[in-house]
There are 2 protein chains.
Amino acid sequence: MRLHEKSFFCPSICKRLHKVTKKLPMSTTIKEVAQHAGVSIATVSRVLNNVGPVDERTRERVRESARQLRYVPNAMGRSLSRRKTEAIGLLLPDLFGEFFSEVLRGSDQTAQHSNYHLVVSSSHNNKKEIHAALTMMRGRVDGLVVMSPHIDAEILKENLPPSLPVVLLNCPVESREFDSLTIDNVNGAHVMIEHLLSHGHTRIAIIKGTECNFDAAERLRGYTVALQEHGIAPETCLQAEGDFSESTGYDAVHRLLAQSPRPTAIFACNDSMAIGALSALRDAGIRVPGEIALAGFDDVPIAAYLTPSLTSVTVGIHNLGVRAIDTVLHAVRHHNAHHKQQIILPTSLSLRESCGCHQ
Amino acid sequence: MRLHEKSFFCPSICKRLHKVTKKLPMSTTIKEVAQHAGVSIATVSRVLNNVGPVDERTRERVRESARQLRYVPNAMGRSLSRRKTEAIGLLLPDLFGEFFSEVLRGSDQTAQHSNYHLVVSSSHNNKKEIHAALTMMRGRVDGLVVMSPHIDAEILKENLPPSLPVVLLNCPVESREFDSLTIDNVNGAHVMIEHLLSHGHTRIAIIKGTECNFDAAERLRGYTVALQEHGIAPETCLQAEGDFSESTGYDAVHRLLAQSPRPTAIFACNDSMAIGALSALRDAGIRVPGEIALAGFDDVPIAAYLTPSLTSVTVGIHNLGVRAIDTVLHAVRHHNAHHKQQIILPTSLSLRESCGCHQ
DNA sequence: AAGCCGCATGTAAACGTTTACATTTTACAA
DNA sequence: TTGTAAAATGTAAACGTTTACATGCGGCTT
């Protein structure tokens, strides 16, 4: 009798325990509020979303129940039903440094202002990670801002639904199928080189950005064209490798100082490398701009506080984030009525001490 | 006959158009893959999630259909069914500057490594925005990392379900109900002041952080206690206001230079303010550290590249992000088996030129 | 041939919320 | 009192996906 009971009873109770443990309480659901208030779930939804007719006394009763039960709607259920998430995806190559930090700041402020939130991911310029990030975003975002020097139209089309609004930031994609905002790298670099030329420099070096990087290639092109327009042949010995980090800027200076004759000015393709270069020049006992002038690109917030203050191409990084989010939100709201635009954003120069101005 | 047709036909077709327009195609669903492959949706799920028994030929057929239709599972449906989102929420006071950027970097790397992604939000130390951010996170994240000097246990309990794992970063909450990681601000500041004292400085000023800010208060306390332990009475005229930004650091220096006698060392409560202070000292023609020594707090990556390189309390910012995510993921995975811990993270000193070392 | 077992696959319901349409209630006029 | 219209509320199904359990098929043994 005991064996009989045991063998008969255990499978049944184990199955029931299994079912019970599946139903872990996430937190209060709309059903519990409805029951507590003595109304249907539709009425709770109507009250909390301020939709449709509801008797005031019923409304108050539901409100009180929701308050007592600390009900917060579950975004998963809501999103599935409404088919919108009220989130914008932001895919950046990296999540550190002042440049991306400023993009993020502009993006966050703008999204929050419209009651959207950000889902942020980084791809480390790795195709596999780009694919993973894009895949992960599906069902989580209403629109997407992508900033990646390695992106191409094929990847986007393969990984994203056609209906998802996408804004490309500084991507080497020239398709009219996507909105894009692109910094005028060529002109920014061009004008900066012209400025250094106007200071009398004829031997101008460049610390290049990452190989196979869209921004890096464009900034190098601006440098090259500006020199050529002034009858100066660009020399490869004045073009040092860098990867947009402070340390590679530091190292590049050592290589450039080994050239004979030495450059009299250095253009770093981003401010981080300029900061590293500045440090290396200081360590080498070279006065800036007295012996070698220096210029950067991006004008990150800290540039103005350096010693000497850094002359830099201003791209309005924060504004980049703001405009990207504005654009994607417009596309989200207006569907097919949104007209895709490809915009080139002008740069300007912030002239400070490092080039020789303001001494 | 025409009138008859028109009045009879239009209401019916209008209703059907209304229904059709509701069903906008998001993108390929599991149902379409199932139909394309000639199997049930359960089989598609089994194939794509590698669960249960599936015949190899069926498996291949389903895979091919999914590939052809470019099927990507919808996170909304998946999350609702599985009751997990595979996302971690990260709530920071702000989303700019190297400090938060470094936290973000550590968090992103760690989350990605575990195939989780981040949902990032900022609260600007505003209670309303904290509430909005916490509410927004519900249903979107499996766990939460909160960094806010204004948070208290009450807000957390009112806004979050009891079952949601939460890790507090540098929050003034001393509850054993939450995991927490807190930088040892007091000791960090204390040791830095002792170091400046060891350089012979007896008149040490402080640029304080934001009023009513937990970190700021603790760092001020460390400064005060260290002075008192060396028989030096802290003077309010040597305690300048700041708000953790470069510009307030710059302004604070002007006020401190007006003191008579002048301080011989300045401790800024974060590196951003130290950078601003450095710039102001340079503008005032004061040699650092020859005339006035300078120290910061946080040791952001750029500190080493400044002129002079900045001495700073090292907190391992990146590691902070890493550990926070590790902790919350552990809690997510182990539920009640996870033991809550409140950890004080030690600091160290990065001694560079600005205090007088390494000359 | 019948029965049993294991494997593959399908059916139905779940998850939390929204909303179209059906049903009930209420208020007012005749 | 009755009827009508408007307001309030409820029911059922949708959204996309997962999964417990039911069902069908094939192979093997007696």
Do A/Asn49 and A/Arg78 pair up side chain to side chain, a donor and an acceptor below 3.5 Å, judged on atom types alone? yes
So, is B/Ser81 near the phosphate of D/dG16, with a side-chain N or O under 4.0 Å from OP1 or OP2? no
Between CG of A/Leu48 and P of D/dT9 the distance, given in whole Å, is 14 Å
Hey, is CD on A/Gln35 packed in by over 12 heavy atoms from elsewhere, all under 6.0 Å? no
Taking atom types as modelled, is there a side-chain donor on A/Asn74 or B/Arg83 under 3.5 Å from an acceptor on the other? no
Please indicate whether B/Gln68 has more than 12 foreign heavy atoms, meaning atoms of other residues, nucleotides or ligands, lying under 6.0 Å from its CD. yes
Using the side-chain contact (heavy atoms from CB on, under 4.5 Å) rule, take B/Leu91 and B/Val145 through it: C-alpha gap first, then chi angles, then the decisive distance, then the call. CA-CA 6 Å; B/Leu91 178 60; B/Val145 173; over 6 Å; no
Classify the side chain of A/Arg46 versus the base of D/dG10 as yes if they form a donor-acceptor pair under 3.5 Å and no if they do not. yes
If the test is side-chain contact (heavy atoms from CB on, under 4.5 Å), which one of A/Leu144, A/Thr85, A/Leu90 qualifies with A/Met137? A/Leu144
Nearest whole angstrom, please: distance from the C1' of D/dG10 to the NZ of A/Lys31. 15 Å
B/Glu86 has an atom CD; how far is it from atom P of D/dT17, in whole Å? 14 Å
Specify the separation, in whole Å, of atom CG of B/Asn49 and atom P of D/dT18. 5 Å
Nucleic acid contacts - residues 35-42 of chain B versus DNA chain D, non-hydrogen atoms under 4.0 Å: B/Ile41, B/Ala42
Distance test, side-chain N/O of A/Asn74 to OP1/OP2 of C/dC15, below 4.0 Å: no
D/dT18 C1' sits how many Å from B/Arg78 CZ, rounded? 9 Å
Whole-Å distance between D/dG16 P and B/Leu80 CG? 12 Å
Can you work out whether B/Arg59 or B/Gly77 has the more 5'-proximal nearest nucleotide on DNA chain C? B/Arg59
Does the side chain of B/Glu174 pick up a donor-acceptor pair with the side chain of B/Ser180 at under 3.5 Å? no
N/O contacts under 3.5 Å, protein versus nucleotides 5-8 of chain C?
none

Rounded to whole angstroms, how far apart are CD1 on A/Ile30 and P on C/dT19? 11 Å
Below 4.0 angstrom from OP1 or OP2 of D/dA8, is there any side-chain N or O of A/Arg61? no
Between atom CE in A/Met76 and atom C1' in C/dT18, what is the gap in whole Å? 15 Å
Measuring to OP1 and OP2 of C/dT18, would you say a side-chain N or O of A/Ser45 lies under 4.0 angstrom away? yes
By side-chain contact (heavy atoms from CB on, under 4.5 Å), A/Ile30 pairs with (sequence neighbours left out) A/Ile41, A/Val44, A/Ser45, A/Tyr71
Does a side-chain N or O of B/Arg83 approach OP1 or OP2 of C/dA14 to a distance below 4.0 Å, or not? no
Exactly one candidate in A/His330, A/His338, A/Lys340 meets side-chain hydrogen bond (donor to acceptor under 3.5 Å, both in side chains) with A/Asp179; the answer is A/His338
Does atom CD (B/Glu158) have a neighbourhood of more than 12 heavy atoms from anything else shown, all under 6.0 Å? yes
Reckon B/Thr29 touches a base, only the sugar-phosphate, or nothing at all at heavy-atom distances under 4.0 Å? sugar-phosphate
